[in-house]
Amino acid sequence: MSGGFRVRPAGFADVKAIHHIETLSFPTRWTRWSFYSELLNPVSTTLVATPEDAPTQVVGYLIYWLAAQEMHILNLAVHPRWRRRGVARLLLTTGLAHAREQGAHTAWLEVRPSNLPALALYESLGFVPVGRRPGYYEDTGEDALILELELGEPEEA
């Protein structure tokens, strides 16, 4: 819980709201079925952020995979009305903590170089550029920057 928001695992009832945020956030969108598929994928985790006083109102989401001691962040978005309130940071820090607890040593993602707000957020959390995927985004032909964050070894309890 932070800044008036909570993060919880997503369920099938959240997919309509997640898909709506997706359509408002990206030029090339995942289908609604893609979100259902991620909820069924055993290596995938979908988290949603909700206002503390409205636990069914989804204002943002994070989807990531955990495999081979790596966290791969697939998708992160916040509804335009709820941006710049710490929702994306809360989702990311929650997901990163969970991944580390589950044994992940590294987190990585792809991001458009033109997505300056996302880049600023990722860099503020310690992500660093480690590569580039030329022409990654089919809609514009834009490259993707590959960012990585070393999570380190989980601490002994």
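Heads up: numbering here begins at 1 and tracks the sequence. What's counted below: heavy atoms across the whole structure, side chains too, no hydrogens, waters or symmetry copies.
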Linked, directly or transitively: L74 and Y61 (ILVMFWY side chains, under 4.5 Å):
yes
For residues 123-145, the ring pair (Phe, Tyr, Trp, His ring centres under 6.0 Å) pairs (sequence neighbours left out) are Y122-F127
Per side-chain contact (heavy atoms from CB on, under 4.5 Å), L47 is matched among T94, L90, L76, L92 by T94
- Task: Say whether, by atom type as modelled, one donor and one acceptor occur between the side chain of Q102 and the main chain of L66 under 3.5 angstrom.
- Result: no
Residues at least two apart in sequence or cross-chain that pass salt bridge (Lys or Arg N to Asp or Glu O under 4.0 Å) with R8, listed by chain then number, are D14
Across all chains, not counting sequence neighbours, the side-chain hydrogen bond (donor to acceptor under 3.5 Å, both in side chains) partners of T56 are none
Between the CG atom in L121 and the CZ atom in R89, the distance rounded to the nearest 0.5 Å is 5.0 Å
Validation: residues 33-40 side-chain donor-acceptor distances under 3.5 Å, sequence neighbours left out:
unit_1: S34; atom_1: OG; unit_2: T31; atom_2: OG1; d: 2.9
unit_1: E38; atom_1: OE1; unit_2: S44; atom_2: OG; d: 2.6
unit_1: E38; atom_1: OE1; unit_2: W65; atom_2: NE1; d: 2.8

Can you hop from V7 to V15 via hydrophobic side chains spaced under 4.5 Å?
no
So the ring pair (Phe, Tyr, Trp, His ring centres under 6.0 Å) pairs with at least one residue in residues 38-57 (sequence neighbours excluded) are none
Taken in chain and number order and not counting sequence neighbours, the residues that satisfy side chain to side chain contact (heavy atoms under 4.5 Å, CB included) with A54 are P51, Q57
In short, salt bridge (Lys or Arg N to Asp or Glu O under 4.0 Å) pairs touching residues 121-140 with sequence neighbours left out are E110-R133, R112-D139, R132-D143
The complete set of salt bridge (Lys or Arg N to Asp or Glu O under 4.0 Å) pairs with one or both residues in residues 19-36, sequence neighbours excluded, reads none
Contacts of S25 meeting side-chain hydrogen bond (donor to acceptor under 3.5 Å, both in side chains) (sequence neighbours excluded), chain-then-number -> R83
When every non-hydrogen atom of L96 is compared with those of L151, the smallest separation belongs to CD2-CD2, 4.0 Å
In short, V48 meets L91 closest at the heavy-atom pair C-CD2, 3.9 Å
Is there a chain of hydrophobic side chains (I, L, V, M, F, W, Y, each step under 4.5 Å between heavy atoms) that links F12 to W30? yes
Requested in this report: Under the side-chain contact (heavy atoms from CB on, under 4.5 Å) rule, what do H19 and T23 come out as? Steps first, then yes or no, please.
Outcome: CA-CA 6 Å; H19 186 256; T23 63; 3.7 Å; yes
- Task: Taking the side chain as every heavy atom from C-beta outward, state whether H20 and H79 have any pair of such atoms under 4.5 Å apart.
- Result: yes
- Message: Between V78 and L109, is there shared hydrophobic-cluster membership here, with clusters defined by ILVMFWY side-chain heavy atoms closer than 4.5 Å?
- Response: yes
When every non-hydrogen atom of G60 is compared with those of V87, the smallest separation belongs to CA-CG1, 4.4 Å
- Side-chain contact test, heavy atoms from C-beta onward, threshold under 4.5 Å: evaluate it for T106 versus M71 and give yes or no. no
The side-chain hydrogen bond (donor to acceptor under 3.5 Å, both in side chains) partners of T93 (sequence neighbours excluded) come to none
Taken in chain and number order and not counting sequence neighbours, the residues that satisfy ring pair (Phe, Tyr, Trp, His ring centres under 6.0 Å) with H72 are W108
Applying side-chain hydrogen bond (donor to acceptor under 3.5 Å, both in side chains) to H98 and not counting sequence neighbours gives Y64
Practice item. State, with a plain yes or no, whether a side-chain heavy atom of L147 is found less than 4.5 Å away from one of L119. Key: yes
*Linking I/L/V/M/F/W/Y whenever any side-chain heavy atoms sit under 4.5 Å apart, do I73 and V130 land together?*
no
